[in-house]
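Here the structure comes first, spelled out in C-alpha cells, and everything after it is commentary.
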Amino acid sequence: MKQIIITIQFALVAMAGQAQEPFFRTDSAFIIGKVNGIAPQAMPKQIIVAWNNAMTNNMRDKTVDVSADGDFTCRMQLHHPVLSNLVISENNMVPFYLMPGETLHMELKQDADGHWTCNYGDGSAAKKVERLLKANLDYTNEYRMMIADNSDLKRHTALCDSLIRATLGNIEAMADARQFTPYERQLAQTMATSAICQGFLFRHGELCRADLNRTFTDSLYRAELCAPEYYAPLKYLPLNDPVLFVPYRYSPLATVLATTPVCALATFMSYYAVEIQQLRQAMNRMTGDEDNLLTQMAMMQILPKGLTTAAEAYVHRQQALADTTLTAEDRAAWEASPYVPLDTVRHRALDGFTQPELRKEAERLFTATFDESIAYPIPEGDGKALLERIIQPYRGKFVLIDFWAMWCGPCKQAIEESRDLRRQLQDNPDLRLIFIAQEDAPETSEAYKQYVRENLLGADCYPVSHKELGQMMELLRFGGIPHYVTISPDGQIMRNSLNYFSNNYDLFLQRLDEMKVRLSGSNETKNKKRI
C-alpha cells in the first residue's frame with residue numbers, strides 16, 4: 001500500500017507539470033484515422049467512437065463512416081481529457097486518449113489473430129500514454145465479481161476491499177514490467193478502482209430498490225444502508241484528482257452512485273436547490289472527505305435540475321399572483337407560501353464548489369437560469385441540428401414543445417389532464433404545440449401509436465431515440481421529463497416556457513400575450529443598439 005501511495009504522489013507531480021490548460025475546458029477535438037492492410041471486402045463500413053462527459057454524466061457516441069480506402073474522421077466536443085474506445089465490432093475495440101482542442105491521428109491494423117492494433121500520431125497526448133493504451137486493460141471481470149456477490153453489506157464491503165487491493169497489486173507489477181509513467185500508472189489504477197466500485201455500489205442501489213417503502217420509512221434499515229463504513233472502498237478512488245473523470249468508466253460509476261441509498265435519500269423530492277446541499281452533506285459522510293471532487297461533480301450533475309426547479313417555482317408564483325381570476329383566499333395562500341430569496345437559492349446552489357472550473361460552470365448555470373433576457377439562440381451541440389429540423393416548419397409562430405415518453409408516468413398524466421386546454425389552443429394562429437417522444441420503436445410499438453392517436457389530438461409528434469433525447473437534454477440543459485420548451489417565432493429558446501400547470505385557458509393566453517410583449521420589447525431594444 002505504501003508503494004501505491006508513493007506512486008500516486010509521483011503521478012500528481014507529473015500531472016501538475018503537464019497542466020498547461022485547465023482540466024475542464026470545452027473545445028472541439030478530432031480523430032483522423034486510417035485502416036491499413038485490410039482487403040476491401042473485409043474493410044469495416046463504420047466505426048463507433050465513444051467518450052464521456054463528466055460534467056453531465058453522459059456517455060456519448062458517434063458512428064462514423066469508413067471510406068473504401070480505410071479513411072475516417074470524427075469530430076467531437078470534449079469538456080475534459082478522455083480515455084475511451086473506438087468500437088470496430090462487438091468484441092473489437094481500440095483505446096484512445098484525447099484532449100480538448102487536439103487532433104489525434106490513428107493508424108489501425110489487424111494482426112494474424114484478428115486483433116486490432118494502433119499506432120498513435122507523434123506528439124499527441126495518446127502517444128504519451130501509449131504503453132497504457134497498448135496494454136488493453138479491461139476490468140469487466142472484476143466488475144462482474146462485485147455485482148454477482150449477494151452477501152450482506154459487511155461481507156460485500158470486505159470483498160470489495162480485498163479485490164481492490166489485489167487488483168492494485170497486479171497493476172503495480174504490470175506497470176513495473178511495462179515501464180509505465182506515473183500518469184499511466186494512475187490512469188490504470190483509476191480504471192480498475194472505478195470498475196470495481198461501480199459493481200460495489202450497484203449492490204447498494206439494488207438493496208435500496210428492492211424495498212423502497214422500507215428504505216424510506218424504516219429509520220433503522222435506512223441508517224444501516226447509509227452507514228459510512230459500508231462505503232469505505234470509495235477511499236481507493238482518487239477523490240480529489242480530476243484523473244477520476246478521464247476514463248470512460250466514470251460515467252457508469254456516477255450513474256450507480258446516484259442510485260445508492262445515501263444519494264437517493266438526499267435528493268428525493270427536494271426543492272429550491274436544497275437537494276444540492278443535502279447531497280453534499282450525504283456525499284461528505286459517505287466518502288469521509290469533505291467537499292472532494294467526486295462530491296462536487298455529483299452536485300454539478302443535479303445542479304441544472306435544481307436551478308430549473310427554482311426558476312420555474314419563481315415564475316409559477318409570479319404568474320399565479322398575476323391571475324386576475326384568483327380568489328382572495330387563494331391569493332392570500334400564495335402570498336403566505338414559503339418564499340426563498342434569490343440570494344439564498346444562489347448560496348444553496350453554489351456553496352461547496354471549490355474547484356475553480358466547476359465553480360465557474362456552476363455560476364454560469366445560475367446566471368443562465370435566472371437571466372432576465374427573454375430568449376437566447378439555440379446553443380451549439382450534437383442535438384442542435386435535430387432540434388432545428390423539428391422546429392423549422394413552425395417558423396413565425398411560438399412553439400411549445402412537450403418532451404415525454406411512454407415509460408414516463410408524470411408525462412402521460414400531464415398530457416391527459418391538459419386535454420381540454422390543448423383542444424382550446426388548437427386553432428390559435430400564433431401558437432403550435434408539438435411533442436417530442438423518446439421512443440426507439442415508433443413504427444412497431446402499437447401501444448405508442450395508440451396513445452398518440454388517443455391523447456395528442458392530432459398534434460405533431462416527433463419520436464426520437466434515447467441517444468437523441470440525451471443530446472437534446474444536454475443541449476438544453478434539463479435533467480428529466482416531462483419538460484417544456486417554448487421556441488420564439490424567430491427560432492430562439494424562451495427562458496421561461498409556457499406549460500400546462502394551470503390548465504387555465506385564459507391564464508395561458510395571458511402568459512402568451514406577456515411573452516409576445518416582452519419579446520417585442522427585447523427585439524426593439526436590440527434594433528436600437530444596432531442603430
Aromatic plane relationship, His483 with Phe403 - under 30° parallel, 30 to 60° tilted, over 60° perpendicular | tilted
From CA spacing to verdict: salt bridge (Lys or Arg N to Asp or Glu O under 4.0 Å), Glu361, Arg364 = CA-CA 5 Å; Glu361 174 64 9; Arg364 188 198 67 77; 3.1 Å; yes
With a 4.5 Å limit on heavy-atom distance, are the side chains of Leu86 and Phe72 in contact?
-> yes
For the residue pair His80 and Phe23, does the interplanar ring angle fall in the parallel (under 30°), tilted (30 to 60°) or perpendicular (over 60°) class?
-> parallel
Taking the side chain from Asn292 and the backbone from Leu294, do they hold a donor-acceptor pair closer than 3.5 Å?
-> yes
Does the side chain to side chain contact (heavy atoms under 4.5 Å, CB included) test come out yes or no for Lys397 and Asp430, once each step is laid out?
-> CA-CA 5 Å; Lys397 300 179 184 296; Asp430 300 322; 5.9 Å; no
Passes side chain to side chain contact (heavy atoms under 4.5 Å, CB included), Met297 versus Leu244? Steps please.
-> CA-CA 11 Å; Met297 190 59 77; Leu244 175 63; over 6 Å; no
Starting at CE of Met59, measure out to NZ of Lys467 and round the result to the nearest 0.5 Å.
-> 11.5 Å
Just do the ring pair (Phe, Tyr, Trp, His ring centres under 6.0 Å) check on Phe202 and Tyr143 with the steps written out, would you?
-> CA-CA 10 Å; Phe202 183 87; Tyr143 162 74; 7.3 Å; no
Would you mind reporting whether Asn428 and Leu512 have side-chain heavy atoms less than 4.5 Å apart?
-> yes
Would you say Met300 and Met55 make side-chain contact, with heavy atoms under 4.5 Å?
-> yes
Rounding to 0.5 Å, atoms CG (Leu457) and CZ (Phe435) come to a distance of 7.5 Å
Tell me yes or no: between the side chains of Ser488 and Asp490, is some donor less than 3.5 Å from an acceptor?
-> yes
Listed partners of Asn284 passing side chain to side chain contact (heavy atoms under 4.5 Å, CB included), at least two apart | Arg280, Glu290, Asp291, Thr295
Is Lys449 salt-bridged to Glu446, going by a charged N under 4.0 Å from an acidic O?
-> yes
From CA spacing to verdict: side chain to side chain contact (heavy atoms under 4.5 Å, CB included), Met283, Val262 = CA-CA 7 Å; Met283 287 284 294; Val262 168; 5.6 Å; no
Scanning both residues in full, the closest heavy-atom pair of Leu201 with Val256 reads CB-CG2, 4.0 Å
Are side-chain heavy atoms of Leu257 and Met286 found at a separation under 4.5 Å?
-> yes
N/O donor to acceptor pairs below 3.5 angstrom from side-chain atoms of residues 383-391, sequence neighbours left out:
residue: Lys384; atom: NZ; partner: Glu380; partner atom: OE2; Å: 2.7

Note: Arg346-Asp343 ion pair, threshold 4.0 Å (strictly below) = no
Could you pull out the closest heavy-atom pair between Leu207 and Tyr221, with the gap in Å?
-> O-OH, 3.5 Å
Under the ring-ring contact (aromatic ring centres under 6.0 Å, His included) test, residues paired with Phe508 that sit two or more places apart | none
Going by an N to O cut-off under 4.0 Å, is there a salt bridge joining Glu206 and Arg203?
-> yes
When rounded to the nearest 0.5 angstrom, what distance separates OG1 in Thr193 from CG in Leu234?
-> 10.0 Å
Residues forming a disulfide (SG to SG under 2.5 Å) with Cys408, sequence neighbours excluded = Cys411
Side chain to side chain donor-acceptor pair (under 3.5 Å) against Arg60, all qualifying residues, sequence neighbours excluded | Asp382, Glu474
Nearest heavy atoms of Ser445 and Glu439, plus distance in Å | CB-OE2, 3.8 Å
Could you state the interatomic distance from CZ (Phe200) to OH (Tyr230), rounded to the nearest 0.5 Å?
-> 10.5 Å
Closest heavy-atom pair and its distance - Leu400, Tyr484 = CD1-CB, 4.0 Å
Check step by step if side-chain hydrogen bond (donor to acceptor under 3.5 Å, both in side chains) holds for Glu454 and Gln450.
-> CA-CA 6 Å; Glu454 294 179 354; Gln450 181 179 351; 2.9 Å; yes
Audit row: Ile378, Leu475, side chain to side chain contact (heavy atoms under 4.5 Å, CB included) steps and yes/no | CA-CA 8 Å; Ile378 298 174; Leu475 182 78; 4.0 Å; yes
Could I get the full list of side chain to side chain donor-acceptor pair (under 3.5 Å) partners for Ser465, not counting sequence neighbours?
-> Glu468
Please name all residues satisfying side chain to side chain contact (heavy atoms under 4.5 Å, CB included) with Thr444, sequence neighbours left out, ordered by chain then number.
-> Ala441
Would you mind reporting whether Ile31 and Phe96 have side-chain heavy atoms less than 4.5 Å apart?
-> yes
Less than 4.5 Å apart, any side-chain heavy atom of Asn52 and any of Ser84?
-> no
Looking at CZ of Arg422 and CG of Asn455, how far apart are the two atoms once the value is rounded to the nearest 0.5 Å?
-> 7.0 Å
Gln281 meets the side chain to side chain donor-acceptor pair (under 3.5 Å) criterion, sequence neighbours left out, with none
Taking only residues two or more places apart in sequence, or in another chain, which ones meet Asp289 in a salt bridge (charged side-chain N to carboxylate O under 4.0 Å, His left out)?
-> none
So, for Val64 and Cys74, which heavy atoms are closest and what is the spacing to 0.1 Å?
-> CG1-CB, 3.7 Å
Interatomic spacing from OH in Tyr248 to CG in Leu83 - rounded to 0.5 Å | 8.5 Å
More than 12 non-hydrogen atoms from neighbouring residues, nucleotides or ligands closer than 6.0 Å to CD on Glu329, yes or no?
-> no
Could you pull out the closest heavy-atom pair between Ile481 and Ala405, with the gap in Å?
-> CD1-CB, 3.7 Å
Ser194 versus Leu237: any side-chain heavy-atom pair under 4.5 Å?
-> yes
Name all residues meeting the salt bridge (charged side-chain N to carboxylate O under 4.0 Å, His left out) criterion together with Arg395; count only those two or more places apart in sequence or in a different chain, and write none if there are none.
-> none
Residues forming a ring-ring contact (aromatic ring centres under 6.0 Å, His included) with Tyr448, sequence neighbours excluded = none
Sequence neighbours left out, what passes salt bridge (charged side-chain N to carboxylate O under 4.0 Å, His left out) with Asp420? Give chain and number order.
-> Arg423
Answer whether the closest heavy-atom distance between the side chains of Met494 and Ser497 falls below 4.5 Å.
-> no
